[in-house]
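Below, read A as the first sequence line, B as the second, and so on, with proteins coming before strands; counting in each chain starts at 1.
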There are 2 protein chains.
Amino acid sequence: MKVSNKQISEKLQRKGLRITPQRIAVLEVIYNTKDHPSADKIIGLIRKTHPNIATGTIYKVLDTLVDQNLIRKVNTDKNLMRYDSIKEKHHHLFSLEADTIEDYYDKELDKMLAKYFRKRKIPNFKIKDIELQIYGKFKSKNSNKKKC
Amino acid sequence: MKVSNKQISEKLQRKGLRITPQRIAVLEVIYNTKDHPSADKIIGLIRKTHPNIATGTIYKVLDTLVDQNLIRKVNTDKNLMRYDSIKEKHHHLFSLEADTIEDYYDKELDKMLAKYFRKRKIPNFKIKDIELQIYGKFKSKNSNKKKC
DNA sequence: CTCACTGCAAAGGTTTTGCAGTGGG
DNA sequence: CCCACTGCAAAACCTTTGCAGTGAG
């Protein structure tokens, strides 16, 4: 399921953005990293193969990509942003123990919520989107963390 | 529905925390402010009546209160935290236009979600809590913002 | 060739920290 | 009284910005 550089270039092109190694590197990391990385983590990963991409540049790239709807910022309870590729509508599973965030897809749930809010209107508020933050514990291979 | 200083003092005492003017001031603001204030806003409001409470102190107080489960941090997509008093389970309505965050209570929704996830298990994940972030537009008196 | 983009370094804004001093219990 | 808590100021941290220089189209 790895996203290729070719696909990435096309995405950039479709948005009318210049195709630069910096942008490809950032998108490559975000598209191919499971856990929603922070800017810092993205920088770390990119530096391994492109040691001289500047911090400021990466932030600028991230900004541009968010503007162009190629990626999205994810809220966390630390004060630092995490980034997420934009895919199908999905929700987030937050680990209460580690800093893990995983995606959760559930069309049936979305349908149920849509149906629910079609009946139950919120006064003075027009819903555009609903995102669930599901907090809990990962039980398996994915995050067998040691206890603190 | 104003929360009195007496009630606040009791909450602090029950947690074994010392009752100080600084802590009372912070809790007073958080309990009696509708919109979930940022640290900065809390500081501003407190300074009106207590001009010499230090910034660092307020951060320390906020930290302590979060640790003791008297208040909670709320995620925003700016990089700054907002604070919320801990009340009944509730969700958040985020304005797509302004920086408004409002609480949304809906027991029926909670029941529906609980029922849903009793049937539909998420593999390798044990749910502890679900919080909805509902994005949309406020239509009324509360936030009749001008267009950008 | 041109201008959108990058690198660099400095600045900005929020939060944290260290430490001496104070006041709550 | 004593130690948890505060005030203050410096530092830490993440992110943004300005500007000269570069390379994508």
Side-chain angles (χ1 to χ4, degrees), chain A residues 5-6 8-27 36-47 49-68 70-83 99, chain B residues 5-6 8-28 30 36-47 49-68 70-83 99:
Chain A
N5 286 15
K6 186 143 173 279
I8 289 173
S9 300
E10 277 166 10
K11 277 176 189 289
L12 287 170
Q13 194 149 46
R14 236 173 280 136
K15 295 289 185 180
L17 296 173
R18 284 201 177 164
I19 298 163
T20 67
Q22 293 80 353
R23 286 176 176 168
I24 291 177
V26 170
L27 278 173
H36 307 59
S38 60
D40 197 51
K41 191 169 178 187
I42 293 170
I43 294 166
L45 289 169
I46 288 179
R47 288 271 166 78
T49 47
H50 306 74
N52 38 6
I53 294 187
T55 305
T57 301
I58 294 183
Y59 278 101
K60 278 175 200 158
V61 168
L62 287 168
D63 250 32
T64 310
L65 298 177
V66 169
D67 280 357
Q68 295 293 332
L70 286 171
I71 63 174
R72 179 193 303 165
K73 289 188 175 188
V74 181
N75 305 337
T76 74
D77 56 359
K78 309 287 183 304
N79 18 274
L80 99 200
M81 300 315 310
R82 299 251 219 139
Y83 295 85
D99 271 344
Chain B
N5 286 16
K6 186 144 172 281
I8 290 173
S9 302
E10 277 166 11
K11 277 175 189 289
L12 288 170
Q13 194 151 44
R14 235 175 280 137
K15 295 288 185 181
L17 296 173
R18 282 201 180 165
I19 297 163
T20 66
Q22 293 81 352
R23 286 177 176 168
I24 290 176
V26 170
L27 278 174
E28 205 170 19
I30 294 178
H36 308 58
S38 60
D40 198 50
K41 192 168 178 188
I42 293 169
I43 293 166
L45 289 170
I46 288 181
R47 287 271 165 75
T49 46
H50 307 73
N52 39 6
I53 293 187
T55 305
T57 301
I58 294 183
Y59 278 102
K60 279 175 201 158
V61 168
L62 287 168
D63 250 32
T64 310
L65 298 177
V66 169
D67 281 355
Q68 295 294 333
L70 285 171
I71 63 174
R72 179 194 304 166
K73 289 188 175 190
V74 181
N75 308 336
T76 75
D77 56 358
K78 310 287 182 301
N79 20 271
L80 98 199
M81 301 315 308
R82 300 252 219 136
Y83 295 86
D99 271 344

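Under the 4.5 Å side-chain criterion, counting only non-hydrogen atoms from C-beta, A:I43 is in contact with A:R47.
In the helix from C:dC1-D:dG25 to C:dG25-D:dC1, the rotation axis of the first five pairs and that of the last five pairs differ in direction by 40°, rounded to 10 degrees.
In this structure, the side chain of B:T57 does not engage the main chain of B:I53 through any donor-acceptor pair within 3.5 Å. At least one donor-acceptor pair under 3.5 Å links the side chain of B:R82 to the backbone N or O of B:H36. Formation of a donor-acceptor pair under 3.5 Å by the B:K73 side chain with backbone atoms of B:M81 is not found in this model.
The nearest heavy atom of DNA chain C to B:M81 and to B:I19 marks one nucleotide each, and the one closer to the 5' end goes with B:M81. Mapping B:D40 and B:L17 onto DNA chain C by nearest heavy atom places B:D40 closer to the 5' end of the strand.
Residue B:T20 is classed as a sugar-phosphate contact, given heavy-atom separations below 4.0 Å to backbone atoms only.
Shown here is A:E10, whose CD atom has more than 12 heavy atoms of other residues, nucleotides or ligands within 6.0 Å.
Listed pair B:Y59 / C:dT16 fails the phosphate criterion, with no side-chain N or O lying under 4.0 Å from OP1 or OP2.
B:R18 and B:T64 are not linked by any side-chain donor-acceptor pair at a separation below 3.5 angstrom, with hydrogens and angles left out of the test.
Distance check: A:I42 CD1 to A:T55 OG1 gives 12.0 Å after rounding to the nearest 0.5 Å.
Running 5' to 3' along DNA chain D, contacts with non-hydrogen atoms of chain B at under 4.0 Å begin and end at D:dC3 to D:dT15.
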